[in-house]
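Have a look at the structure below, then the notes.
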Amino acid sequence: MRRMPESPSTQQSRRKRRQLPMPGVAVSRSAATIVAIATAASVLYDLAAASPLSRNAAQMLAASLANSSSSTGTDHCAAFVQQNIVNNQFVIGKASSIIACYNSFTISAEQKKSQIDALSGYYNIYPFLDIANGTYAPFFESHVDILSSLGKLANDTSLTSEYEFQSAVAKAVWTLNDGHASYTPKCFVNVPIFLPFVFSALYEKPGATKPEIVVRDALTKGSGFFLNGNATETALADALDSWWGTNGLNGEKPSKYKGYTVVSIDGVKALQFVQDYADVYTAISRSPESRFNAVLASYAFKNSPSPVTELVDGAFYARKFFPPTLPDYHTLVLLGPTGDKVTVKAYWAALPIRKNVSNALTSASGYYKSYCSSSKVASSKTGSERDEDDSSLSNSGIVRLQDDLLRPLAFVPKASGAGAFHQLFHGLSKRPSHVDLVALAPTPPSRKDILDMVMPHMNRMIDSIKAKDSARNAFSLSSPVKADENGAFYQLTADTGVWVLATFMPKDDTDAGIVNWLSNVTTGLVALEQLGVTRLLIDVSNNGGGIVCAGQALMEFLFPDQQLIHFSYDIRASSIMVNLFEDTVNGPNAAAAKSAYKDSVIFTTEYMNSPAYATPLKSLQDLFEPGKTVVRGGKSGQYSNRFIEASCSDFKKAIKDSSAFPQLKSGWGPQNIALLSNGLCGSTCAAVTRTLREQFNNKIRTYTYGGASATPFQPTSFAGGCVAHFSTLLAGAQRAYMANNNTAVPGGPLPFTLPVDGSIPFWESYSILSNTDVPVEFVKQPSEEWLEKVVDPTDAVSVWQAAAERLALTAAKGNGKS
């Protein structure tokens, strides 16, 4: 794995970067005075360091802010703190109150144009630029002209604040539905918002064609969100209970509504609302079923303090980034277990995530200087140049899918002062159009009506209890055959083993950590074989990917005698892309630029091999000539020759070394292996899943569960390949510009004016066996079966049991048994 430390020229560039003037900020009082008051009194709570307000300090702050005034108008950032102190300890406000703060920062036409020009430089080398603008059935349809959309925003005079503009840009990027493409403004992610409830889908009985939406959990005392049970957590839980009880829940705590069925949200049938919401505001996949599952609760493996599956809360619960059109609350019509129907308002609660954020919010100018000014433009995220694939690496600067999208958002105090919350969802949201209004009965329900409403819930509860009791009798989740923080191995039955393959990127991403992970994986598989397990279920639910070469190595460990054919790749050979490569490799100052940017190889062929001979490409001609002309989106475009990943041979050789890793004796035939997914299997996970299916003519079956309808769907989210953070691409571009005597390639990547984090994919992926010019990112390949016996997608054991039952039947047929 290559590391990419910041080069000397990049450091120098950042030191010399021009400071842009701070946009206009309405300030009503002395920022210095407010900060001094807040700091001296230690009045602002700190979730991470567990330092809540004292009563006197809270009163002191409120009085100080209230008595401060100015003819320039209200300071909405200071007002957010002043007006939202709960229980004299915590700052909890409505979404609109922090939005008012964010909207304090004006933006000029020049700043908008500069930001769009910079972002367009990255999307000029986006590999799917053409195909995203014109793909039709039988492939995933896409009709997004991203450059045109961005150009319109540069000239949109209605976007008068930086927050409105950045929200519109992020939304334009999300229309691509590309899990590898992201754009997150750093200025507006420091005060996340939370709903009081976590929602899940529940299929009342086997064979149900549509699920119900239910309140699965609540952000309240005694729930899984407050893990440590210390005094600060208890105080925060009490504060949230108090805040939500006052705001929308009719004086009740959120926990009262756990288990209630959601009839409608904002006047729209609940199921339709969730799907609409997912389709618009989750960009993780082109598959609507995957998006649906992403916004609702599911499960994930956790190894600490003991092996267990934990609730993953879903994206319709919390968000760090949200748009100015977000409503303060959603109106929910809920149906209780006894047939009672109640209407509540679920407010979004806004909470600063760190003490320094809270301190900065005591003035708009102070907050902007701390988190939004041009000095914050340079990303602090550097590291791997192209760590094979998905942005799972903590130092790569690309979105960590596992942590940022799919992990539970738990309050965990840490003395270090680190953030108390994991990012769940960098999202935009607005209320979907009001359709399919639910009409409430004008007359009281009859006894029969009540029984009709109550009995399905009773039956569902009974079935759930039976399933869980059966699971407990079968085995214990806390006693895996092998486990570490990256996954686990279980013997589900005498014949069936479950491999919980949670990631292809170990949390310890050092060389030693990766070796240890591979050792644990191989040891776990060998242990299952030694226990006499004859069927293997691989659960890739919520697997965000990782290292491409690790995925290829694991496949070859499972099938050491099979000549596996892995993905090949190409790049969009636009004139901009070709010039970046040409300047980097052959520019007149190429040697000096290579020395200055020695770890930046993004615009070189150093990581590319020929598919036919598995030998390194010798020159740019090997990459670009003759290339291939393809018509996409109504336009004729030029693409490079195909190539394969160059560094995977070392991984594959190492994992077959019996002196380093235990080896399988016989393993499992493809008919005795199945893949299990909720559709949230991305990047390397998608590459592995598709390769295994195609290599064995679908003898390795895939099972999906969840979704809004009872049909098989895409088990993967977005395909694996090269994905790069903006800083990685900029460093590569700066190497190219330096190599050509500091001459920029017109239309190439440029530094941003406004601070953002983000990434784009850099390669297109192809399955050699698919024999098509359409990259796998747009190819539909639904699972063989949808698991109709999965009632509760958050119950891992019942999901495994349903999949194991189907695997036993198909394996028996594949092995010639009736």
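The shown structure was predicted, so the numbers you read here are calculated from the model rather than taken from an experiment.
- Side-chain polar atoms of Tyr329 and Asp266 form no donor-acceptor pair below 3.5 angstrom.
- Ring planes of Tyr367 and Tyr371: tilted class, angle from 30 to 60°.
- In the model, Thr794 has a side-chain atom that pairs as donor or acceptor with a side-chain atom of Arg216 under 3.5 Å.
- Aromatic rings of Tyr122 and Phe762 (six-membered ring for Trp) have centroids beyond the 6.0 Å cut-off, not under it.
- Once rounded to the nearest 0.5 Å, the distance linking CZ of Phe128 with OG1 of Thr135 reads 10.0 Å.
- Checked by atom type, the side-chain pair Ser717/Ser285 shows no donor-acceptor distance below 3.5 Å.
- Between Arg632 and Glu764 there is a salt bridge, since a side-chain N of the basic residue sits under 4.0 Å from a carboxylate O of the acidic one.
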Exercise. Kindly determine whether Tyr317 and Phe197 satisfy ring pair (Phe, Tyr, Trp, His ring centres under 6.0 Å), including the steps that lead there.
Key: CA-CA 7 Å; Tyr317 154 68; Phe197 307 127; 10.0 Å; no

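- Side-chain contact, Tyr102 with Glu162: no donor N or O sits under 3.5 Å from an acceptor N or O.
- For the residue pair Ser765 / Glu777, a side-chain donor-acceptor distance below 3.5 Å is found, with atom types taken as modelled.
- Using a 4.0 Å cut-off between charged side-chain N and carboxylate O, Asp117 and Lys113 make a salt bridge.
- The backbone N or O of Glu252 sits nowhere less than 3.5 Å from a side-chain atom of Trp244 that would complete a donor-acceptor pair.
- Relative ring orientation between Phe316 and Phe273 is described as tilted, the plane-to-plane angle lying within the 30° to 60° band.
- Dense packing is recorded around NZ of Lys780, with more than 12 heavy atoms of other residues, nucleotides or ligands lying under 6.0 Å away.
- Taking the six-membered ring for Trp and thresholds of 30 and 60 degrees, His330 and Trp348 have ring planes more than 60 degrees apart, a perpendicular arrangement.
- Within the 6.0 Å centre-distance limit, the rings of Phe105 and Tyr368 are counted as a close aromatic pair.
- Checked for salt-bridge contact, Asp279 and Arg291 meet the test: a charged N lies under 4.0 Å from a carboxylate O.
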